[in-house]
Amino acid sequence: MPELPEVETTCKGISPIVGSKIKHIIIRQPKLRWPIPPALSEFKNLIVKKVSRRAKYILIHTDQGAFIIHLGMSGRLCLIKQGLTAAKHDHVDFILTNNRLLRYTDHRRFGSILWSDEDPLNHRLLCELGPEPLSRSFNGQYLFKITRTKKTAIKTTIMDQKIVVGVGNIYANEALYLAGISPIRKTQSLSLEECQALVKAIQKILKRAILQGGTTLRDFLSADGKRGYFKQKLQVYGRQGELCFSCTKILSSEKIGQRMTVYCRTCQK
DNA sequence: ATAATAACCTGAGGGC
DNA sequence: TGCCCTCAGGTTATTA
């Protein structure tokens, strides 16, 4: 599923809709993570003012309010021509002018499409999120300070959207490997220097992945239907049992917080 | 208050 | 073929 780089790629991909009109919305399946507000099927002629991202949420700002879209584990937004028949998991179409439409597809339905009349950043799901990982407010000092009493594994901590947003399972694994920190370390055991190294690693990994258009494992495609190419750069994720590219020892794996975790016992301390 | 886990879904792949 | 199990880019609600 989409983590920050995939959501960022999607935002860039759908940004051509800015300035155009959403004539109406077709909802085939309203049962997502949260029900799609029924009012959306009554909406007519909204002008798209801006597309932005907060955490893993895509915000489509219009003259009447904002759509808040989360892609969950398997969601995707594609900007396509009208007339293509909808497949099984094509749950929502935003019908646009110029014979285009924005199609939301999500076979597991863990994503969501919500509506906010006012500033979407004040929405209950968005108002308590942590800092953006690529902003200055996410730095080593901050991470060190906020984690002094945290006893959970550091991997779980960096995936906690209240601590920092945008990091999911793939990039948590990759960032910890790059930082040389074991994912099973108790969070509060990290030194200031380690927090600084981890922040830098998270930022580096996310920036690189954005440049590659994200990671496509199964479902993810950008708005123009292209795959993300960061998969070829993954150092540990999905490589359990294979050899560490650095020390050539076998990569370990275990579940942390119900999520598959892969790391090198030699390179990560 | 914090931390572990159950739940929401569908589909693919492996073992038998 | 088919059944049963495990696994998958996330997040919230519930339980301990």
Side-chain angles (χ1 to χ4, degrees), chain A residues 1-11 28-36 53-58 68-77 87-91 104-114 123-130 133 146-176 184-188 202 205-206 208-210 212-222 226-241 253-262:
Chain A
M1 145 14 292
E3 303 179 40
L4 185 142
E6 293 74 35
V7 178
E8 183 70 23
T9 300
T10 300
C11 278
R28 298 185 196 82
Q29 170 57 276
K31 292 179 190 165
L32 302 185
R33 177 67 173 79
W34 312 105
I36 297 177
R53 179 190 61 72
R54 170 69 174 120
K56 297 174 191 170
Y57 292 93
I58 297 161
I68 301 172
I69 302 178
H70 198 293
L71 300 177
M73 288 283 257
S74 54
R76 169 164 108 197
L77 275 173
K88 192 172 181 185
H89 301 294
D90 295 339
H91 303 313
Y104 178 83
T105 307
D106 184 1
H107 87 265
R108 291 181 72 185
R109 289 194 272 123
F110 287 170
S112 46
I113 299 179
L114 300 169
H123 191 277
R124 70 174 187 94
L125 296 174
L126 280 74
C127 63
E128 290 184 338
L129 292 168
I146 199 173
T147 57
R148 285 312 82 199
T149 57
K150 270 202 127 8
K151 299 180 196 311
T152 41
I154 183 60
K155 176 168 179 256
T156 304
T157 297
I158 60 174
M159 290 174 68
D160 181 346
Q161 306 296 299
K162 288 195 172 75
I163 302 288
V164 60
V165 302
V167 180
N169 198 33
I170 293 179
Y171 302 113
N173 278 290
E174 295 297 313
L176 285 160
I184 63 176
R185 282 270 298 281
K186 214 182 218 192
T187 299
Q188 61 183 1
I202 288 170
I205 291 289
L206 292 177
R208 281 188 202 159
I210 290 169
Q212 298 292 317
T215 302
T216 297
L217 296 179
R218 277 168 291 273
D219 304 300
F220 177 72
L221 293 176
S222 64
K226 293 202 178 79
R227 299 167 56 83
Y229 290 98
F230 195 69
K231 188 179 177 188
Q232 285 93 318
K233 313 265 178 181
L234 296 176
Q235 303 293 297
V236 286
Y237 182 87
R239 298 194 62 246
Q240 58 272 33
S253 65
E254 62 187 274
K255 285 228 166 183
I256 299 178
Q258 321 176 57
R259 310 302 297 276
M260 178 56 81
T261 305
V262 187

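Computed from a predicted structure; not experimentally measured.
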Round to the nearest Å and state the distance from Glu254(A) atom CD to dA4(B) atom P.
13 Å
Pi stacking test for Phe110(A) and dC9(B): under 5.5 Å apart, planes under 30°
no
To the nearest angstrom, how far is Ile69(A) atom CD1 from dG10(C) atom P?
18 Å
Length of the line joining Ile68(A):CD1 and dG10(C):P, which is rounded to integer Å:
20 Å
Using the side-chain contact (heavy atoms from CB on, under 4.5 Å) definition, which of the options Ile256(A), Thr157(A), Thr147(A) pairs with Thr152(A)?
Thr157(A)
When you check every protein heavy atom under 4.0 Å of nucleotides 11-16 of chain C, what one-letter string (B, S, -) results, 5' to 3'?
BBS---
Nucleotide-level pairing of DNA chain C, given in dot-bracket where Watson-Crick and G-U pairs need both distances under 3.5 Å and | marks other strands:
.|||||||.|||||||
Can you measure Leu32(A) atom CG to dC8(B) atom C1' for me and round it to whole angstrom units?
11 Å
Give the rounded distance in Å between these two atoms: CD of Gln29(A) and P of dC8(B).
15 Å
Lys255(A) NZ to dA6(B) P, straight-line distance once rounded to whole Å:
12 Å
Using a 4.0 Å heavy-atom cut-off, does Asp106(A) contact any base of the nucleic acid, only the sugar-phosphate backbone, or nothing at all?
nothing
So for atom CD, which belongs to Glu128(A), do other residues, nucleotides or ligands contribute more than 12 heavy atoms lying within a distance under 6.0 Å?
no
With rounding to the closest Å, how many angstrom separate the P atoms on dT12(C) and dG11(B)?
25 Å
Is any side-chain heavy atom of Lys56(A) closer than 4.5 Å to one of Gln161(A)?
yes
Which part of the nucleic acid does Lys31(A) contact within heavy-atom distance under 4.0 Å: base, sugar-phosphate only, or nothing?
nothing
For dT10(B), take OP1 and OP2 only and decide whether either is under 4.0 Å from a side-chain N or O of Lys88(A).
no
Between P of dA8(C) and CD of Glu6(A), the distance in whole Å:
16 Å
Are any of His89(A)'s side-chain N or O atoms less than 4.0 Å away from OP1 or OP2 of dG11(B)?
yes
In the structure I gave you, are the side-chain heavy atoms of Phe220(A) and Thr10(A) within less than 4.5 Å of one another anywhere?
yes
Report the C-alpha separation of Lys150(A) and Asp160(A) in whole Å, then their side-chain angles, then the decisive distance to 0.1 Å, and conclude whether the side-chain contact (heavy atoms from CB on, under 4.5 Å) test is met.
CA-CA 12 Å; Lys150(A) 270 202 127 8; Asp160(A) 181 346; 4.3 Å; yes
Applying the side-chain contact (heavy atoms from CB on, under 4.5 Å) test to Ile170(A), which of Thr215(A), Val262(A), Val236(A) qualifies?
Thr215(A)
For the residue pair Tyr57(A) and His70(A), does the interplanar ring angle fall in the parallel (under 30°), tilted (30 to 60°) or perpendicular (over 60°) class?
perpendicular
Closer than 4.0 Å, any side-chain N/O of Arg218(A) to the OP1 or OP2 of dG11(B)?
no
Taking atom P in both dA12(B) and dT11(C), what distance in whole Å separates the two?
24 Å
Which pair of non-hydrogen atoms, one from Gln29(A) and one from Arg109(A), has the smallest distance, and what is that distance?
CG-CD, 3.6 Å
Separation of Asp160(A) atom CG from dT2(B) atom C1', in whole Å?
11 Å
Taking the side chain as C-beta and beyond, is there a heavy-atom pair between Arg227(A) and Leu221(A) under 4.5 Å?
yes
Take atom P in dT5(B) and the same atom in dC7(C), then report the distance between them in whole Å.
15 Å
Any donor-acceptor N/O pair under 3.5 Å between dC9(B) base and Arg108(A) side chain:
yes
Backbone of Gln235(A) reached by a side-chain donor or acceptor of Glu174(A) within 3.5 Å:
yes
